[in-house]
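First up is the structure itself, then whatever we jot down about it.
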Amino acid sequence: MAATKRTSSGTGAKAASRSRGAGDNSAPAIAEFSKEQELHAYREMLLIRRFEEKAGQLYGMGLIGGFCHLYIGQEAVVVGMQMAKKDGDQMITGYRDHGHMLAMDLDPNGVMAELTGRRGGLSKGKGGSMHMFSKEKHFYGGHGIVGAQVALGTGLGFANKYRDNGNVAMAFFGDGASNQGQVYESFNMAQLWKLPVVYVIENNKYGMGTSVERSSATTDLSQRGASFGIPGEQVDGMDVRAVLAASERALEYCRTGKGPYILEMVTYRYRGHSMSDPAKYRSKDEVQKMRTEHDPIEQVRKRVLDANWATEDDLKAIDKDVRARVAEAAEFAQNDPEPDVSELYTDILL
């Protein structure tokens, strides 16, 4: 992993990263990426973007039922954390979960097939968009109950400490979920027992259709653990370099037995809360401004071109390859058989 350098950044909705209570009051940090890291981040974020665009198309065609929450715009958060984690570290999140699965190297065919309710889906076609898991990849699911994954992620941290395996659990949740009572119960337990958990608040500015300013008395969500003595940082979640730098600090803090850590990733979703949300609570100009000035993928693209690490044709080739992979997943998801009726009676916890 490349070293980090201290610098300032205004490439997102807020400064790149601000240390709060972690014993590090230095200037904001951004990871200095190598050519390989930039191209890795570009490909991984592009895979999530193209996958979600295709999922939106399939939903519009009626091939995906139920709820479907897209991750478009927030790709840098999970990719930056994926680049910082070690083998064995776990990830658990809410219902906006497709991007997390892909970042954890879950098969796009299995993810898309689960969206369409097919036999080859990661949950055998029975979980749908919000409920996919992979014990093998240490991905412990998307969860439809707001904030439920925070308590479960704390349990993963407890298991890590009990087993003394050196792993860290990453529990992702949104700005809306940050107001849930079970979140604070989890914070208390995690700090009391010094559990290795990174709480990742993906603040995309809107909890469903309500802005964070209208729903939260304190909008610096990185300070939500202050009363428990849990350190936190605000991070430019639209810049994968800032995410990586902050993630490395947080994971190391937890891995060395100091307890939990909070990362508030200040990010933005381009689509509505779910596919059924017309997002009339914000202006088109607001969304376009974020797309134009802070898009996480375009930032990497520009840096790669400016450094002469790739040509326009090279990047177009990556996009073509990614589109082909997503098209393959969509084809599989539309032609894979539906689960047998007998599956109604399997995997039932009594």
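When a residue number appears, it is its place in the shown sequence, counting from 1.
- For Ile348, the CD1 atom sits in a packed shell: over 12 heavy atoms of surrounding residues, nucleotides or ligands are nearer than 6.0 Å.
- Checked for salt-bridge contact, Lys137 and Asp105 meet the test: a charged N lies under 4.0 Å from a carboxylate O.
- The closest side-chain donor-acceptor pair between Arg255 and Asn160, if any, does not fall under 3.5 angstrom.
- For the atom pair CG (Leu156) and CD (Gln149), the distance works out to 11.5 Å, reported to the nearest 0.5 Å.
- Leu122 and Glu114 make their closest contact through N-OE1, 3.3 Å (heavy atoms, listed as atom of the first residue, atom of the second, distance).
- With hydrophobic clusters built from ILVMFWY side chains whose heavy atoms lie under 4.5 angstrom apart, Val146 does not share a cluster with Ile201.
- When only modelled atom types and interatomic distance are considered, Gln74 and Glu202 share a side-chain donor-acceptor pair under 3.5 Å.
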side-chain contact (heavy atoms from CB on, under 4.5 Å) between Thr93 and Met170, worked out: CA-CA 8 Å; Thr93 188; Met170 295 170 282; over 6 Å; no
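- Atom OG of Ser186 sits about 9.5 Å away from atom CD1 of Ile230, to the nearest 0.5 Å.
- At least one donor-acceptor pair under 3.5 Å links the side chain of Glu75 to the backbone N or O of Gly73.
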Test salt bridge (charged side-chain N to carboxylate O under 4.0 Å, His left out) on Arg325 and Asp107 and set out the steps. CA-CA 10 Å; Arg325 183 67 188 90; Asp107 181 11; 2.9 Å; yes
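- With values rounded to the nearest 0.5 angstrom, Arg49 atom CZ is found 13.5 Å from Leu102 atom CG.
- The neighbour count for Arg214 CZ, taken as heavy atoms of other residues, nucleotides or ligands under 6.0 Å away, does not exceed 12.
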Could you go step by step and tell me if Arg301 and Glu312 meet the salt bridge (charged side-chain N to carboxylate O under 4.0 Å, His left out) rule? CA-CA 9 Å; Arg301 182 178 181 278; Glu312 289 275 8; 2.4 Å; yes
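- Side-chain atoms of Asp340 and Ser342 include a donor-acceptor pair closer than 3.5 Å.
- The pair Asp319-Arg323 counts as a salt bridge, with a side-chain nitrogen and a carboxylate oxygen less than 4.0 angstrom apart.
- Between Leu39 and Val304 there is a side-chain heavy-atom pair separated by less than 4.5 Å.
- Remark: Leu221 CG to Asn203 CG distance equals 5.0 Å, nearest 0.5 Å.
- The aromatic rings of Phe187 and Phe173 sit tilted, their planes meeting at an angle between 30° and 60°.
- Without hydrogens or angle criteria, His98 side chain to Tyr95 main chain gives no donor-acceptor distance under 3.5 Å.
- Residues Ser129 and His69 have side chains that never bring a donor and an acceptor to within less than 3.5 angstrom of each other.
- Checked by atom type and distance alone, the side chain of Glu233 never pairs as donor or acceptor with a backbone atom of Ile262 at under 3.5 Å.
- A donor-acceptor contact under 3.5 angstrom links the side chains of Glu331 and Asn335, judged on distance only.
- Asp220 and Ser222 are linked by a side-chain donor-acceptor pair at a separation below 3.5 angstrom, with hydrogens and angles left out of the test.
- Judged purely by distance below 3.5 Å, without hydrogens or angles, the side chains of Glu286 and Tyr268 pair a donor atom with an acceptor atom.
- No more than 12 heavy atoms of other residues, nucleotides or ligands shown are found within 6.0 angstrom of CD on Glu136.
- Counted by atom type alone, Asp97 and Tyr71 present zero donor-acceptor pairs between their side chains at under 3.5 Å.
- The residues Glu38 and Lys302 are annotated as not salt-bridged, no charged nitrogen and carboxylate oxygen being separated by less than 4.0 angstrom.
- Of the possible polar contacts, one joining the Ser123 side chain to the His131 backbone as a donor-acceptor pair under 3.5 Å is found.
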Please walk me through it: do Val243 and Met265 pass side-chain contact (heavy atoms from CB on, under 4.5 Å)? CA-CA 8 Å; Val243 174; Met265 300 292 183; 3.7 Å; yes
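- Heavy-atom minimum distance, Ala190 versus Pro260: O-CD, 3.5 Å.
- The main-chain N or O of Leu47 is never found under 3.5 Å from a side-chain atom of Glu52 such that the two would form a donor-acceptor pair.
- For the residue pair Val78 and Gly99, the shortest heavy atom distance occurs at CG1-O, 3.8 Å.
- Relative to the six-membered ring of Tyr261, Arg249 misses at least one condition, a distance below 6.0 Å or an angle of at most 45° to the axis.
- In this structure, Phe228 places its CZ atom where more than 12 heavy-atom neighbours from other residues, nucleotides or ligands lie under 6.0 Å away.
- Nearest heavy-atom pair across Pro339 and Lys124 is CG-O, 3.2 Å.
- Between the side chains of Lys126 and Thr346, at least one donor-acceptor pair of N or O atoms lies under 3.5 Å.
- Judged purely by atom type and a 3.5 angstrom limit, Lys258 has no side-chain atom pairing as donor or acceptor with the backbone of Lys194.
- Here the closest heavy-atom approach between residue Arg271 and residue Arg282 is recorded as O-NH2, 2.8 Å.
- Hydrophobic clustering (side-chain heavy atoms under 4.5 Å, transitive across Ile, Leu, Val, Met, Phe, Trp, Tyr) keeps Met81 apart from Ile92.
- Hydrophobic cluster membership is shared by Met275 and Phe51, with clusters built from Ile, Leu, Val, Met, Phe, Trp and Tyr side chains linked at under 4.5 angstrom.
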Begin with the C-alpha distance, continue with both residues' side-chain angles, and end with the deciding distance and a verdict on side-chain contact (heavy atoms from CB on, under 4.5 Å) for Asn204 and Arg96. CA-CA 12 Å; Asn204 60 25; Arg96 198 179 308 280; 4.1 Å; yes
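- Donor-acceptor pairing under 3.5 Å is lacking for the side chains of His294 and Gln299.
- Between the Tyr140 side chain and the Ala169 main chain, no donor and acceptor come within less than 3.5 Å of each other.
- Side chain of Ser216 to main chain of Thr219: no donor-acceptor pair is present (N/O by atom type, distance under 3.5 Å, no hydrogens or angles).
- Counting only heavy atoms from C-beta outward, the side chains of Thr218 and Gln223 never approach each other to under 4.5 Å.
- Panel note: side chain Asp295, backbone Thr292; no donor-acceptor pair is recorded below 3.5 Å.
- Side-chain contact check for Asp175 and Ser178: no donor-acceptor pair (N or O, by modelled atom type) lies under 3.5 Å.
- Linking ILVMFWY residues whenever their side-chain heavy atoms come closer than 4.5 Å, directly or via other members, places Val322 and Tyr42 in the same cluster.
- For the residue pair Asn109/Arg118, the side-chain donor-acceptor check at 3.5 Å is not satisfied.
- At a threshold of 4.5 Å between non-hydrogen side-chain atoms, the residues Pro196 and Lys161 count as touching.
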Would you check, one step at a time, whether the test side-chain contact (heavy atoms from CB on, under 4.5 Å) holds for Met104 with Lys85? CA-CA 10 Å; Met104 290 292 277; Lys85 77 174 187 66; 3.4 Å; yes
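- Taking every heavy atom of both residues into account, Lys54 and Ala330 meet most closely at CG-CB, 3.8 Å.
- Phe133 and Leu106 end up in different hydrophobic clusters when Ile, Leu, Val, Met, Phe, Trp and Tyr side chains are linked at under 4.5 Å.
- Remark: the backbone N or O of Ala103 is not paired with any side-chain donor or acceptor of Glu44 at under 3.5 angstrom.
- Hydrophobic cluster of Ile145: no remaining members, since no ILVMFWY side chain lies below 4.5 Å from it.
- Tyr206 and Ser215 share no donor-acceptor pair across their side chains, judged by distance under 3.5 Å alone.
- With contacts defined as side-chain heavy-atom distances shorter than 4.5 Å, the pair Asp89/Val198 does not qualify.
- By the 4.5 Å heavy-atom criterion applied to side chains, Lys35 and His40 are not counted as neighbours.
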